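Some notes on the structure that comes next.
These numbers come from a predicted model, not from an experiment. Order of appearance sets the numbers: ligands from 1, and atoms from 1 within every ligand.
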Amino acid sequence: MPDSIADAGWRFDNSYARLPEPLFSAAPPVPVRSPAVVVVNEPLAAELGLDPTILRVHGAGVFAGNEIPPGAEPIAQAYAGHQFGHFTNLGDGRAILLGEQISPGGRRHDIQLKGAGRTRYSRGGDGRAAIGPMLREYIVSEGMHALGIPTTRSLAVATTGELVLRNAPLAGAVLTRVAASHIRVGTFQFAAAVEDDRLLPALLGHAIERHDPTAAEAADPALAFFTGVVERQAALVARWMLVGFVHGVMNTDNMAVSGETIDYGPCAFLDAYDPLTVFSSIDQQGRYAYANQPGIAHWNLARLAESLLTLVHGGEEASLEAVRGVLATFPERFDRHYLAGARAKLGLVTEEEGDRDLFAMLLRSMHEGQADFTATCAGLATVAESESVSASEAAVPELREWHSAWLARLGRQPGSPAEAAARMRRVNPVVIPRNHRVEEALSAAESGDFGPLHRLLAALRDPFAETNENERYRGGPPAGSGAYRTFCGT
Ligand code: AMP
Ligand code: MG
């Protein structure tokens, strides 16, 4: 059968399943009643070496967990984690790793089914997911990817033909997630907490091979690996801050050592700029508020440091000293990425002492004037081109004074304003996954209309170009919409 799903181009390796058993357990997906494909990411399929047409036409069984593609060895991964500061044993309670697809370029990608049934780690949960949260992850992760921000990807969403019981009965669905790996800070916490001396070295070796091959040659591989994770997280969280992304549930089990954004639950993007923004209904203390994210990343990395301690060379004190030294570099690494990104958003190519304050002042003015973060940044290119503050007359009054200071700063660097504007248009997106547009697509999808979903996905694919088609996706929510709230999508 030339057109069978088995011939889609699967090329699985299962290196995680060769690690010591306590790190995972076998977990066959639980078949569902009536699988149907809602969306397939055809460009991603092609990158993975999979035939997009075969996936679209024949993929329902695989994407819902009813068929196992050749070479896959389904497992659930064990992990622990600090959830809102409290340590818990977790593991994939509703996610099943099919294996690692080796792409034509030789890259290794975890292929995971989220919502594919109960596993050994399900505790009281049903192992299932509802269509809304799975499409939400698809939309936002693909939006992040288009923004150039490291993230897990979404290959497909399939409905199950079964209901899941949440506050109300909802249509069940499975998301096929693609990741550089699903190794979390919490995976190391699990390996360090279990009394089995094999786990930590095996996990570290595996993670190094996948994410930091050069660390294997370093004088102290564990320390070199830790340094790599610190650097990737500093870069990642800086990128989030610069597009107004609020992850919403930065527990240590939701932080990947690969440096990819992972576990899109209650996440959302800022509309009006307010550093204290919290979207998640369960984050009552505001632990994971927008402005807290760098500090939380640093805190999470301290948990990783503790977990790696026994693997770092030297005696107890020397290794503690060493990891502390690396951990202490997080703020300056974050700051370096953040400042470079801020300069780019402002169109600056030279460095001046006052640039940090200039950006901070922009944020303050936006906050005071309740200006939209994305639209304000995107509008700067037009102000630069016209070289006059009057172009912003219609905008927030708080910003006018700032514009003059910034235009003066632009005038002190080489290159024309048009060049600056062109550079800025490459880094300041006009389209992000706006909360009200995401909700619009999800509620239509929940009642069986997938048109808005596909139109939103199309608009998100090219977030930097202002086009006729993406006009309705550029603006913030209608005035008076009230504070946006998200709910943990379980
Ligand atoms: P999350 O909040 O999605 O990061 O999930 C936290 C933990 O709860 C993870 O161990 C999940 O696997 C588990 N979990 C979430 N939803 C379910 C569910 N419906 N059934 C079983 N386990 C779940
Ligand atoms: Mg999670």
Min N/O separation [X] to ligand 1 under 3.5 Å:
X	answer
Gly127	yes
Gly91	yes
Asn254	yes

Please list, in number order, the atoms of ligand 1 under 4.0 Å from a heavy atom of [X].
X	result
Gln83	6 (C)
Arg166	19 (N)
Arg128	19 (N)
Asp263	4 (O)

For the backbone of [Y] and the side chain of [X], can you confirm whether one donor and one acceptor N or O come within less than 3.5 Å of each other?
X	Y	value
Asp449	Ala444	no
Gln293	His247	yes
Glu42	Leu55	no
Arg128	Ala173	no

### Task
Please find the N/O/S atom of Asp263 nearest to the Mg ion (ligand 2) and write down its name.
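Checking each N, O and S atom of Asp263, the shortest distance to the Mg ion (ligand 2) belongs to OD2.
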### Query
Does Gly265 have a heavy atom less than 4.0 Å from any atom of ligand 1?
no
### Query
Does Glu137 reach ligand 1, in the sense of a heavy atom lying below 4.0 Å from it?
no
### Message
I want to check something: taking the side chain as every heavy atom from C-beta on, are Leu155 and Tyr138 in contact at a cut-off of under 4.5 Å?
### Response
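No - every pair of side-chain heavy atoms lies 4.5 Å or more apart.
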### Task
Kindly confirm whether the Mg ion (ligand 2) is within less than 2.8 Å of some N/O/S atom in Asp253?
no
### the Mg ion (ligand 2) to nearest N/O/S of Asn251 less than 2.8 Å
no
### Message
Out of Arg94, Arg123, Arg184, who is nearest to atom 8 (O) of ligand 1 when you count heavy atoms only?
### Response
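Residue with the shortest heavy-atom distance to the ligand atom: Arg123.
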### Message
Does this structure show an ion pair linking Arg232 with Asp212, if we count only N-O contacts that are shorter than 4.0 Å?
### Response
yes
### Query
Does a donor on one side chain sit under 3.5 Å from an acceptor on the other, for His337 and Glu231?
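Result is yes, a qualifying pair exists.
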### Within 45° cone of Phe84 ring axis and under 6.0 Å: Arg287 NZ or CZ
no
